[in-house]
Amino acid sequence: MRRKVIAGNWKMNNDLQQSVTLIEELKNSLAEKALNCDVIICPPFTSLYEAKKLIEGSLIKLGAQNMFYEDEGAFTGEVSAPMLKSVGCEYVILGHSERRTIFGEKDEMINKKVKKALAHNLKPILCVGETLEEREKDVTEKVVKRQIEKGLNDVTPDEILNVIIAYEPVWAIGTGKTATPQQAQEVHAFIRKLLASMYSKDFAAMIPIQYGGSVKPDNAKELLSQKDIDGALVGGACLKADSFIGIIEAA
Ligand code: PGA
């Protein structure tokens, strides 16, 4: 069976000292617990190197929040897959809706990033999800299908098992509005069927599909108990050790 994956997307929060404090708290609280899930933290770039040192010997894994699709060169302000590997990242969030809307990232660019991450043995967490307008127009499946097909263009069967999909309805991110477990499950089942048609039923059954969008300790259990929801990508609630741990314990 699929193991659940709980990832914390810190976004642009926590300077170095704040990062150290939060990781120490997480590490201490998780130390005595038997975990039912994988736990990933995705701090800002400036904290990754220190984070890697701090999580040594714990069960916490490290991810970044973005990267560029070239290895090196004249790309001012960007960070590459080899750079993320060199500071100990295992995962990278790609195609987050904030990257898509605020920074204009398109499916084609996200696909280049996914391919490059995989080429360097970084596991992409590929985010997809519809806006409120798209949900109201009843085009959720169409949008998610496009994002997945384009985002995974040329990703081989060998590579796909290193990918995590995160379904994050844009209207639920940071708004306090969560998709109901049924709404989320419906889209997750749709994504799994789509992955089965792109790869195979067996492969689709192995790919983790996380839900993201205002996941909190008090709604996590019901969301995570849905058949096709294999974990959570957590924003706001991962910035406090207590609430992130509450979600980890719900898995
Ligand atoms: P949120 O963010 O939990 O604050 O809604 C989730 C995300 O953007 O990954």
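Both counts, for ligands and for their atoms, begin at 1 and track the order of listing.
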Derivation and outcome, side-chain contact (heavy atoms from CB on, under 4.5 Å), residues Val234 and Asn9
CA-CA 6 Å; Val234 185; Asn9 173 11; over 6 Å; no
Going by the atom numbers of ligand 1, which of them fall below 4.0 Å from some non-hydrogen atom of Gly213?
5 (O)
Gap separating the CZ atom of Arg3 from the CG atom of Asn36, nearest 0.5 angstrom
7.0 Å
Give the numbers and elements of all ligand 1 atoms closer than 4.0 Å to a heavy atom of Leu233.
6 (C), 9 (O)
Within the structure, is a non-hydrogen atom of Ala237 found at a distance of less than 4.0 Å from ligand 1?
no
Heavy-atom gap Gly174 to ligand 1 smaller than 4.0 Å
yes
For ligand 1, indicate whether the residue Ala172 contacts it via side chain, backbone, both or neither (heavy-atom separation under 4.0 Å).
backbone
Listed by chain and number, what are the salt bridge (charged side-chain N to carboxylate O under 4.0 Å, His left out) partners of Lys145, not counting sequence neighbours?
Glu149
Taking the non-hydrogen atoms of Lys11, is any one of them nearer than 4.0 angstrom to ligand 1?
yes
Ligand 1 contact on Ile173 by region, counting heavy-atom pairs under 4.0 Å:
both
Against heavy atoms of His96, which atoms of ligand 1 measure under 4.0 Å?
7 (C), 8 (O), 9 (O)
Distance col, row Gln183:CD vs Gln226:CD, nearest 0.5 angstrom, shows 11.5 Å
Among all protein heavy atoms, pick out the one at the shortest distance from atom 7 (C) of ligand 1; state its residue, atom name and that distance to 0.1 Å.
Glu168 OE2, 3.1 Å
For atom 3 (O) of ligand 1, find the nearest protein heavy atom and state the residue, atom name and distance (0.1 Å precision).
Gly235 N, 2.8 Å
Under-4.0 Å salt bridge between Arg100 and Asp107
yes
Test of understanding: clusters of I, L, V, M, F, W, Y form through side-chain heavy atoms closer than 4.5 Å, transitively. Do Val114 and Ile125 belong to the same one?
no
Protein contact to atom 4 (O) of ligand 1 [nearest heavy atom, distance to 0.1 Å]:
Gly236 N, 2.8 Å
Numbered atoms and elements of ligand 1 in range of Asn9, under 4.0 angstrom, heavy atoms
9 (O)
With Lys137 via side chain to side chain contact (heavy atoms under 4.5 Å, CB included) - residues at least two apart
Glu133, Val139
Are any of the N or O atoms of Ser214 closer than 3.5 Å to those of ligand 1?
yes
Which value, rounded to the nearest 0.5 Å, describes the distance between Ser97 atom OG and Glu105 atom CD?
11.0 Å
Mutual orientation of the aromatic rings belonging to Tyr211 and His188 [parallel < 30°, tilted 30-60°, perpendicular > 60°]
tilted
